[in-house]
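Each ligand, and each atom within it, is numbered from 1 in the order the structure gives. Being a predicted model, the structure only gives us computed values, none of them experimental.
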Amino acid sequence: MRKPIIAGNWKMNMTPSQTVKLIEEIKPLVAEARCEIVVCPTHTCLFAAKEALKGTDRISLGAQDMFYEERGAFTGEVSCESLLELGVRYVIIGHSERRQYFAESDETVSKKVTKALEKRLIPIVCVGESLTQKQRGVTNETVGLQTRLALFGVGAGNAEDVVIAYEPIWAIGTGMTATSAEANGTIRRIRGVLAEMYNPETSRKVRILYGGSMNAGNAGELLSTSDIDGGLIGGASLKSGDFAQIVGNLS
Ligand code: 13P
């Protein structure tokens with residue numbers, strides 16, 4: 001009942017012309033896909049991406065971040081309204097790289113999630129534990145708290161629209177993937193937190209993705225589990241063939 005999503009987080013890669021080329025390569029490869037497909041280029045590549053995606057409804061556009069105010073003196077920030085005008089439907093919020101390098105906090109994540117939902121952008125909210133937290137045995141507590149704080153003040157009706165991405169920090173860009181049992185187990189715990197915050201029905205409706213060194217080789221196993229509803233892919237989303245192969249697991 002949950003429609004799976006494969007989303008590519010291109011991070012700070014690709015220029016506008018490279019964006020067009022990659023999208024042109026991906027389009028024919030995923031023409032038969034039955035899952036939702038999202039590509040998230042940098043803000044400066046969104047216009048080029050929008051143009052390249054004309055004529056296909058297979059692939060949606062996502063942004064990698066947004067600001068929670070609508071306009072004003074916020075140098076360097078990007079508003080929901082701008083993103084919507086560029087055809088953006090999804091927005092990644094609270095990626096661990098933003099938390100680590102750009103002082104993103106649970107509080108700003110929460111403000112962004114609320115604003116995105118108000119503007120009818122679908123937030124892809126990232127949660128995940130560090131290696132130390134994993135080693136200390138506090139993975140579930142960490143992601144549970146991040147989830148509670150990110151969705152603080154969001155009602156059950158809106159919560160159903162939120163997408164959560166469980167991305168263990170130690171797995172991002174390292175080639176170390178969580179095992180499918182580990183990832184599925186943690187995602188089940190996140191679903192448990194949602195059931196406590198809202199109700200079991202809402203928790204069953206929320207899509208929860210896995211991210212962290214997911215690639216064409218390991219995606220099949222991760223995506224065949226009970227609770228992983230897709231992937232947020234970094235490195236492997238920059239190669240059209242690998243990305244399409246990951247999508248192919250859900251077709
Ligand atoms: P990698 O797939 O490169 O590990 O990145 C995952 C990620 O951070 C997606 O948001």
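- Polar contact check, Asn9 against ligand 1: a nitrogen or oxygen pair lies under 3.5 Å apart.
- Just one of Gln135, Gln133, Glu129 meets the side chain to side chain donor-acceptor pair (under 3.5 Å) condition when paired with Trp170; it is Glu129.
- For ligand 1, none of its N or O atoms has an N or O atom of Ile172 under 3.5 Å away.
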- Task: Begin with the C-alpha distance, continue with both residues' side-chain angles, and end with the deciding distance and a verdict on side chain to side chain donor-acceptor pair (under 3.5 Å) for Ser79 and Glu70.
- Result: CA-CA 6 Å; Ser79 69; Glu70 299 206 2; over 6 Å; no

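- Side-chain contact, Asn184 with Ser226: a donor N or O sits under 3.5 Å from an acceptor N or O.
- Checked by atom type, the side-chain pair Glu104/His95 shows no donor-acceptor distance below 3.5 Å.
- Between Thr174 and ligand 1, no pair of N/O atoms sits closer than 3.5 Å.
- With respect to atom 2 (O) of ligand 1, the closest heavy atom belonging to the protein is Gly234 N, 2.9 Å.
- Below 3.5 Å of separation, one finds no N or O of Leu232 facing any N or O of ligand 1.
- Looking at Gly173, Ala7, Gly8 and measuring to atom 4 (O) of ligand 1, the nearest heavy atom belongs to Gly173.
- Each of Glu25, Glu24, Gln18 was evaluated against Lys21; a single residue qualifies, Glu25, per the side chain to side chain donor-acceptor pair (under 3.5 Å) test.
- For Ala171, every heavy-atom contact with ligand 1 shorter than 4.0 Å involves the backbone, none the side chain.
- Contact analysis puts Ser213 in contact with ligand 1, with a non-hydrogen atom separation below 4.0 angstrom.
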